[in-house]
Every structure is written in structure tokens, then in C-alpha cells.
Student: 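Mind having a look at this structure? Questions to follow.
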There are 2 protein chains.
Amino acid sequence: MSNVKNMSYDPNAPVDPRVETLVNELIGRVADKWTLLVLEELEDHGTCRFTELGRRVPGISQKMLTQTLRAMERDGLLVRTVHPVVPPKVEYCLTDLGHSLGEAFCGVWVWAEANLEKVARARMAFDALA
Amino acid sequence: MSNVKNMSYDPNAPVDPRVETLVNELIGRVADKWTLLVLEELEDHGTCRFTELGRRVPGISQKMLTQTLRAMERDGLLVRTVHPVVPPKVEYCLTDLGHSLGEAFCGVWVWAEANLEKVARARMAFDALA
DNA sequence: AGTGCCTACTTTCTTTTGGAGAGTATAGGG
DNA sequence: CCCTATACTCTCCAAAAGAAAGTAGGCACT
């Protein structure tokens, strides 16, 4: 019952340290700014082309976009479809796994929207006495 | 009704682009590997001292730990308490805001645990044909 | 008195990562 | 014949991160 992780999260359950290590690695991989922002775009907007994503994700460079997309593809979060036409057309689309990650991050977007002002105030308070 | 963001997340609601920019900035700040890992430690383990956190967070350098803790303090996610004793003793403890962020990320931990294997398989498949 | 320890940082130096901008291949249009 | 459009790819430089040693200040031991 508790040797396999299932949907309910019990913080008191003992966790296999190897699993914890792997989870930490995966979190490290997936919890980066660009991955999150790309994920958001693909969630809201569905299938996208490279340049379109570049325009939609604020401030990403082409290099980082390519790199992020490759990493996400490798992790099975999205599929890359190349249409052999000229000029080239490449489409990126979330997999079910990618969608499920998007849903998992949903709480974070909600939190960010809800707590923007609290963070802004905390920063001002902190900076005031520095 | 819809000019202010509240708890329910409606992906079809029009979003003020300024809010969206701020949310993206905040996500960029908060969604970094070290912040997440420190947050996890403080969530599971409660109040911690500097060295203890350093030991518990796999692979963090002292520099990054100091930097991450300062940034989190500035954002109001944790409080730093200095006990004027020798040797020095400094304790870090999540605020309510920090806890709420931890809860928001809860879905991501669950996702990571649940999907470790899928990601591992996706990677092997990807690497196999590279 | 001197040596060393403890903690929470700093500092310095090197390596890694990220961004700006130009280059590449290809076919169709002018 | 050159231009455009697309999805990269490459090069170069700046910024960020890691490793390792240093700092402060009192306390305990010899």
C-alpha cells in the first residue's frame, strides 16, 4: 500500500531515499524558468510553431528555446513534428505527460497571481531596512 | 468580477497583460531549483539552521544557500532569526506565504513521484534513436 | 598564552550557462 | 540573381554558479 507512491500525498510516509534523489533530480530539471514558461504557452495555446513560441515567451533567446524544447522532448513532455516543406515548419505539442505536468503547476500560477502583492510588499519592507 | 484574480482559475478569462508579466517574473524568481529544494526541506522539516539545510539539500554550495535564503527572505517566504550566541545560531522558518507556496508546489512533487518512470522511459527512448 | 573548534557567512577563482547576433540551407517569388 | 521566410546552429562575450579557502569571535583545552 505504501511501497508504491500513488496520488494522495502523505508527508509523514517514509520515503525511499533513492526515490527522493530521483525526484529531486527531476524537479531540478523541470523547475526551470523557461520550461515553465514554454509549458504555460503550450497549455494555453495548444500546438505551436517555433517562431510563434519565441514571440509568445517573453525574453527567451532562440538558443534557450531550442535547448528547452529539446530537453522537454527528451523527457516526453512534448512532441516535435517536422513537416518537410520549404520554408521549414516544425510544430510542438504537449503530450499527455506534458499536460499532466501543466496541471500540476496550475497551483503555482494561481499562487503567483494571488500573492503578487504580498511578495511586492515583502520586498519593499525588506529593502527599506537594508 | 473578472478584473481581479481570485482563487478559481479560469483559463479562458482575459488576463491583464501587466499582471501576466508580473506573474511571469514571479514564476521566474520562485521556480528555480534551489528555491524549490530549500522550500521542500523547510516544509518537511520545519525550522532549520544553516548548516543543517546545507546538509539536507543535496549538492547546494554555501554560496547558493546563502543567496537562495536571502532571496526567499526578501520575498517574504521565510524568516531568519539570529540568536546572538557563540557559536552563532541562525534559524530559518517558513512564513505563511512560504507555506502556501509549498502547498502550491505540492502537485509538482506528486507529479514527479508519480511520473518518474515515464520520464525515465521517455529519455531512454529518445536517447536510443539519437 | 596558544591552538583549534564551531558556525554562518565572504571572498576568490574557475567552470558552466545564458544571451546577442550573425550564419546556414532551401525553394519559391520578383 | 537576389530576397524572403523558417528553424535552427555557431561564435563570442557576459553573467551565474561551483569549489575551496578565508573570516570573526568567543569558548574549551593544554
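Reminder, nothing fancy here: chain letters follow the sequence lines and each chain counts from 1. On a predicted model such as this, the values are computed, not experimentally measured, just so you know.
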Student: Which residue, A:Asp32 or A:Val86, contacts DNA chain C at a nucleotide closer to its 5' end, judged by nearest heavy atom?
Tutor: A:Asp32
Student: Can you get from B:Trp111 to A:Val19 by hopping between Ile, Leu, Val, Met, Phe, Trp and Tyr side chains that sit under 4.5 Å apart?
Tutor: yes
Student: Counting only heavy atoms not in B:Asp127 (residues, nucleotides, ligands), do more than 12 fall under 6.0 Å from its CG?
Tutor: yes
Student: I want to check something: taking the side chain as every heavy atom from C-beta on, are A:Glu40 and A:Leu36 in contact at a cut-off of under 4.5 Å?
Tutor: no
Student: So, is B:Trp34 close to the D:dG18 phosphate, meaning a side-chain N or O under 4.0 Å from OP1 or OP2?
Tutor: yes
Student: Take the protein atom NZ of A:Lys33 and the nucleotide atom C1' of D:dA15, then report the distance between them rounded to whole Å.
Tutor: 13 Å
Student: Quick one: list whatever passes salt bridge (charged side-chain N to carboxylate O under 4.0 Å, His left out) with B:Glu103, sequence neighbours left out.
Tutor: none
Student: Heavy atom of residues 63-77 of chain A under 4.0 Å from DNA chain C: which residues?
Tutor: A:Lys63, A:Met64, A:Gln67
Student: Between P on D:dC8 and CZ on A:Phe50, what's the gap in Å once rounded to a whole number?
Tutor: 5 Å
Student: Please report, rounded to the nearest Å, how far the C1' atom of D:dC8 is from the CD atom of A:Glu52.
Tutor: 17 Å
Student: B:Ile60 has an atom CD1; how far is it from atom P of D:dA17, in whole Å?
Tutor: 11 Å
Student: If you look at every heavy atom in A:Ile27 and B:Ala112, which pair is closest and at what distance?
Tutor: CD1-CB, 4.0 Å
Student: Walk along DNA chain C from 5' to 3' and tell me the first and last nucleotide with an atom closer than 4.0 Å to a non-hydrogen atom of chain A.
Tutor: C:dG18 to C:dA27
Student: Taking atom CE of A:Met72 and atom CG of A:Leu101, what is their separation to the nearest 0.5 Å?
Tutor: 7.5 Å
Student: For A:Ala31, is there any backbone N or O sitting under 3.5 Å from a side-chain donor or acceptor partner on A:Thr35?
Tutor: no
Student: Evaluate the ring planes of B:Phe50 and B:Tyr92, with Trp represented by its six-membered ring, and classify them as parallel (under 30°), tilted (30 to 60°) or perpendicular (over 60°).
Tutor: tilted
Student: Does A:Thr51 place a side-chain N or O at less than 4.0 Å from the phosphate oxygens OP1/OP2 of D:dT6?
Tutor: no
Student: In whole Å, what is the span from the NZ atom of A:Lys89 to the P atom of D:dA7?
Tutor: 9 Å
Student: Side-chain contact, heavy-atom cut-off 4.5 Å: B:Arg18 with B:Asp16?
Tutor: yes
Student: In whole Å, what is the span from the CD atom of B:Gln62 to the C1' atom of D:dA19?
Tutor: 10 Å
